[in-house]
*Asks:* 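Please read through the structure below; I'll follow up with questions.
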Amino acid sequence: MKTIQLLAVLFAMLCASLTSAALVPRAETGEALMQYGYNPPRVNPDYCVGFRITYPTYPGLGFQAGSIQQLHWELDDAIPHSPDIITRIRILNSTQHNEYVIGENITLYTDKNRGEITFPLNVDDVSGFYHYRIMVNYPGTTTHCVYESVPFMIVQSPYEKYHAGGANGAFVPSAPSPPPLAQSFTQPKPNNVMVMDEEAMEAFDDATE
């Protein structure tokens, strides 16, 4: 009897743990949510199958900052855990730091088993290598699946100055203190000064002799 009760308690604890696991927040937390926050590479669980990025897929691409770009993907049919939505798409730099959120809660399908999104490449950082990071939601699981694209170059305007981490980044040099205001040393002009020519001066001298 005690054995049956013990098994019942263990079963109840197992169900509670499974329920709590299902309620674990699925979105990124902490630093991973912040702009320029660190988002390390992730090893996906075994159920993260059937989704793949179809553009960009080959290295060596370069895009101008601010240009209009596209991201394409496709999904296999009849996979065990079929995804239902893209939770978030980011642009990350070469050191896995967040640069720009392209969008959130994005529909998976725009043409049969394929999808795409068009967006401006709004990255306010130095020219360098970047890549896309897609978070895909698989119902009935506790962890998002993450897919990252091949790296590509984002090229900034050569006529403007950019700093690592953007305009408000930690590497932006502080503005120098303005020089002290120049003080004027001009002598004040006296008031009521009478100016006399040479003849007036001689007449004045004669009158005072």
*Asks:* From the options L108, V136, T110, select the one residue that forms a side chain to side chain contact (heavy atoms under 4.5 Å, CB included) with W73.
*Replies:*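 Running side chain to side chain contact (heavy atoms under 4.5 Å, CB included) over L108, V136, T110 with W73 returns exactly one hit, L108.
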*Asks:* Does a side-chain N-to-carboxylate-O contact under 4.0 Å join E74 and R52?
*Replies:*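 Salt bridge between E74 and R52, a charged N being under 4.0 Å from a carboxylate O: yes.
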*Asks:* Could you tell me if Q70 and H72 have a donor-acceptor pair between their side chains, going purely by distance under 3.5 Å?
*Replies:*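 Indeed, the side chains of H72 and Q70 share at least one donor-acceptor pair under 3.5 Å.
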*Asks:* Tell me if the aromatic rings of Y130 and F152 count as close, with their centers under 6.0 Å from one another.
*Replies:*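 Centroid separation for Y130 and F152: 6.0 Å or greater.
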*Asks:* With distance as the sole test, does Y138 use its side chain to make a donor-acceptor pair with the main-chain N or O of V49 at under 3.5 Å?
*Replies:*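 Side chain of Y138 to backbone of V49: a pair is present.
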*Asks:* Does S67 use its side chain to pair, donor to acceptor, with the backbone of Q64 at less than 3.5 Å?
*Replies:*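 Yes; judged by distance alone, with no hydrogens or angles, the pair exists.
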*Asks:* Where is the tightest heavy-atom contact between V123 and Q156, given as atom of each residue plus distance?
*Replies:*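 Closest approach of V123 to Q156, heavy atoms only: O-NE2, 2.7 Å.
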*Asks:* Could you check whether Y55 and Y132 have their ring centres less than 6.0 Å apart?
*Replies:*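 No, ring centres 6.0 Å or more apart.
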*Asks:* Check whether any side-chain heavy atom of R90 lies under 4.5 Å from a side-chain heavy atom of E148, and answer yes or no.
*Replies:*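 No; the side chains remain at least 4.5 Å from each other.
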*Asks:* Are P120 and Y100 close enough that some pair of their side-chain heavy atoms sits under 4.5 Å apart?
*Replies:*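 With C-beta onward as the side chain, the pair touches.
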*Asks:* Taking all non-hydrogen atoms of both residues, which atom of T143 and which atom of P45 are closest, and how far apart?
*Replies:*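 For T143 and P45, the tightest heavy-atom pair comes out as CB-CG, 4.4 Å.
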*Asks:* Which residues satisfy the side chain to side chain donor-acceptor pair (under 3.5 Å) test with D111, sequence neighbours excluded?
*Replies:*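 R114.
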*Asks:* Please round to the nearest 0.5 Å and tell me the distance separating atom CD1 of I102 and atom CD of Q69.
*Replies:*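 I102 atom CD1 to Q69 atom CD measures 10.0 Å (nearest 0.5 Å).
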*Asks:* Assess the side chains of T118 and E116: does a donor N or O sit below 3.5 Å from an acceptor N or O?
*Replies:*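 No.
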*Asks:* Taking all non-hydrogen atoms of both residues into account, name the closest pair between F129 and P151 and its distance.
*Replies:*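 F129 and P151 have their closest heavy atoms at CD2-CB, 4.3 Å.
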*Asks:* Between I106 and I117, which heavy-atom pair has the shortest distance, and what is it?
*Replies:*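 Taking I106 first and I117 second, the nearest heavy atoms are CD1-CD1, 3.7 Å.
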*Asks:* Are a donor atom and an acceptor atom from the side chains of T87 and H144 found within less than 3.5 Å of each other?
*Replies:*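 Looking only at side-chain atoms, H144 and T87 do form a donor-acceptor pair, the distance falling under 3.5 Å.
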*Asks:* Sub-3.5 Å donor-acceptor pair from the side chain of Q96 to the main-chain atoms of N39, do we have one?
*Replies:*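 Judged by distance alone, yes, a pair lies under 3.5 Å.
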*Asks:* Any side-chain heavy atom of I91 sitting closer than 4.5 Å to one from N122?
*Replies:*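 I91 vs N122: side chains apart.
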*Asks:* With hydrophobic residues grouped by side-chain heavy-atom distances under 4.5 Å, do I68 and M153 end up in a single group?
*Replies:*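 No; tracing contacts between hydrophobic side chains, which count when under 4.5 Å, never links both residues.
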*Asks:* How many angstroms lie between atom CG of N113 and atom CG of L75, to the nearest 0.5 angstrom?
*Replies:*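 Between atom CG of N113 and atom CG of L75 there are 7.0 Å.
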*Asks:* Taking the side chain from N93 and the backbone from H97, do they hold a donor-acceptor pair closer than 3.5 Å?
*Replies:*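 At least one qualifying donor-acceptor pair exists.
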*Asks:* Any side-chain heavy atom of S149 within less than 4.5 Å of one from I53?
*Replies:*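 Of all side-chain heavy-atom pairs linking I53 with S149, at least one is under 4.5 Å.
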*Asks:* Please find the pair of heavy atoms, one from P139 and one from S82, that lie closest to each other, and give the distance.
*Replies:*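 In this case the closest contact between P139 and S82 is CD-O, 3.2 Å.
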*Asks:* To the nearest 0.5 Å, what is the distance between CG on N98 and OH on Y38?
*Replies:*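 It comes to 11.0 Å.
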*Asks:* Just do the side-chain contact (heavy atoms from CB on, under 4.5 Å) check on I89 and R133 with the steps written out, would you?
*Replies:* CA-CA 6 Å; I89 302 179; R133 179 186 177 103; over 6 Å; no
*Asks:* Looking only at heavy atoms, what is the nearest atom pair of L92 and E99, with distance?
*Replies:*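 Nearest pair, atom of L92 first, then E99: C-CG, 4.3 Å.
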